[in-house]
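As the structure is a computational prediction, the values presented were derived from the model and not from experiment.
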Amino acid sequence: MSLLRPRAIFALVAIAALSACTGAVEEPVTPPVVPEVVKPEPAQISPEELTKAADNIALVPSPAEMQKALEAAGIQAKLGEKVPNRTLKMDVPNKDQVAVRTGVILADLLLTVKTAEKDKLAKQLTDIKTGMEQLGGGTDISATIQDIHDRVMNDAVSRDDLVKELDELSGAIIPEIEYEAGPRSVPLIQAGSWLGGANLVAGAVIEAKSFDKAGDLLKQPAVVGYFQGYVKGEGQDKASGEVIAQLETTLNTLAEICTHETLSEEDVKTIQSSTASVLDLL
């Protein structure tokens with residue numbers, strides 16, 4: 001099982017597909033008439049349909065998949081102890097920065113939910129809530145995150161149940177952000193989440209010296225290719241030159257590593273250092 005398997009994200013493609021079928025209007029041969037031009041009603045897509053359509057295309061890592069993959073690799077590291085105490089400001093005017101930072105914190109949360117102290121979890125949830133509000137994520141997301149935050153602080157939810165809830169939330173949060181704030185924010189949330197997760201997992205592999213399992217956990221050429229396409233095309237005018245330049249350099253490095261049949265200790269250390277070089281710019 002691959003740890004950071006993409007589950008893609010373009011829910012609007014599903015909307016377009018669901019909206020594509022319209023009935024043809026036949027014009028009578030006689031008597032001649034001018035056919036009435038009827039503007040088709042826009043397709044009404046429910047949140048359930050939107051979530052289902054995006055389920056297989058969201059990149060946000062699943063905590064359930066992560067835990068299983070790490071356990072299968074024999075890695076018992078407490079990732080909660082490895083996540084730094086980040087001080088990323090979420091209430092900044094640059095929404096691109098907010099999106100990347102939100103993704104990083106989201107990965108931290110998903111990777112550490114079983115082991116982190118509740119105060120740390122609460123801070124992560126607050127940061128994600130603030131980031132989502134800055135991106136225009138809507139009241140439903142904000143209320144859901146606040147409810148989880150309150151139950152964490154009141155010890156009213158077990159960690160196992162919290163894993164399940166966050167797993168479900170991570171599958172729905174990205175498509176709703178796209179629906180509410182537009183697709184621009186989505187690749188940047190994905191990038192932050194993926195880079196943060198890859199950095200932490202690479203560190204766990206290095207500590208456990210489980211390099212024979214590194215390929216299963218970290219080798220994701222499809223994900224790298226997706227972000228390369230975004231950086232070289234649509235994303236070039238959507239982030240600062242410094243961040244984009246470093247992100248492109250990192251992705252090129254990871255793309256080359258993905259061509260290796262197996263990942264060596266040096267490869268894993270390069271993944272860790274190259275992802276950290278992007279995170280350090282945030």
I'd like to know if the side chain of R101 and the backbone of G131 have a donor-acceptor N/O pair within less than 3.5 Å.
no
Could you walk me through whether D91 and V98 satisfy the side chain to side chain contact (heavy atoms under 4.5 Å, CB included) test, starting with their C-alpha distance in whole Å, then the side-chain angles of each, then the deciding distance to 0.1 Å, before giving a yes or no?
CA-CA 8 Å; D91 56 344; V98 173; over 6 Å; no
V157 vs I148 side-chain heavy atoms within contact, under 4.5 Å:
no
Nearest non-hydrogen partners of Q272 and G203, listed with the distance
NE2-CA, 3.3 Å
Atom pair CG (L254) and CZ (F227), whose distance is rounded to the nearest 0.5 Å
11.0 Å
Shortest non-hydrogen pair, K120 vs V83, comes out as NZ-O, 2.8 Å
Assess the side chains of Q146 and D150: does a donor N or O sit below 3.5 Å from an acceptor N or O?
yes
Hey, could you give me the NZ/CG distance between K118 and D155, rounded to the nearest 0.5 Å?
3.5 Å
Can you confirm whether K164 is buried at NZ, in the sense that more than 12 heavy atoms of other residues, nucleotides or ligands lie under 6.0 Å from that atom?
no
Say you draw a straight line from OG1 of T102 to CD of E133; how long is it, rounded to the nearest 0.5 Å?
10.5 Å
Does the side chain to side chain contact (heavy atoms under 4.5 Å, CB included) test come out yes or no for V278 and V100, once each step is laid out?
CA-CA 10 Å; V278 180; V100 176; over 6 Å; no
Which pair of non-hydrogen atoms, one from Q246 and one from S277, has the smallest distance, and what is that distance?
NE2-OG, 3.0 Å
Could you tell me if S158 and D161 have a donor-acceptor pair between their side chains, going purely by distance under 3.5 Å?
yes
Looking at every non-hydrogen atom in both residues, tell me the closest pair between Q134 and M90 and how far apart they are.
CG-O, 3.3 Å
Can you tell me how far CG of D127 sits from CD of Q124, rounded to the nearest 0.5 angstrom?
8.0 Å
For C258 and K219, which heavy atoms make the closest approach, and how far apart are they?
O-CE, 3.0 Å
Closer than 3.5 angstrom, by distance alone: can the side chain of T253 be matched with the main-chain N or O of T249 as a donor-acceptor pair?
yes
For V224 and W194, what are the C-alpha separation, side-chain angles and deciding distance, and is it a side chain to side chain contact (heavy atoms under 4.5 Å, CB included)?
CA-CA 10 Å; V224 174; W194 179 65; 3.7 Å; yes
Run R151 and E165 through salt bridge (charged side-chain N to carboxylate O under 4.0 Å, His left out) and show every step you take.
CA-CA 12 Å; R151 284 186 288 125; E165 288 192 41; 2.6 Å; yes
Are the side chains of T126 and H149 in contact, using a 4.5 Å heavy-atom criterion?
yes
Per side-chain contact (heavy atoms from CB on, under 4.5 Å), Q220 is matched among L217, L218, V223 by V223
Straight-line distance of L166 CG to L110 CG, nearest 0.5 Å
6.5 Å
Within the distance-only criterion (no hydrogens, no angle test), does the side chain of R159 pair as donor or acceptor with the backbone N or O of A116 below 3.5 angstrom?
yes
Please examine the side chains of I75 and K213, heavy atoms only from C-beta on, and report whether any two atoms are closer than 4.5 Å.
no
In Å and rounded to the nearest 0.5 Å, what is the CZ to NZ distance from F211 to K269?
6.0 Å
Salt bridge or not for K123 and E117, using N-O below 4.0 Å?
no
Polar side-chain atom of S264 near backbone of D267 as donor-acceptor pair, under 3.5 Å
yes
Strictly distance-based, threshold 3.5 Å: is any side-chain N or O of S274 a donor or acceptor partner for the main-chain N or O of I271?
yes
Check whether any side-chain heavy atom of L162 sits under 4.5 Å from a side-chain heavy atom of L121, and report yes or no.
yes
Nearest heavy-atom pair of L279 and G196: which atoms, and what distance?
CD1-CA, 4.1 Å
Go through the steps for D119 and M153 under the test side chain to side chain contact (heavy atoms under 4.5 Å, CB included), then give the verdict.
CA-CA 7 Å; D119 287 345; M153 290 304 296; 3.7 Å; yes
Would you check if the side chain of N199 reaches a backbone N or O of L195 as a donor-acceptor pair within less than 3.5 Å?
no
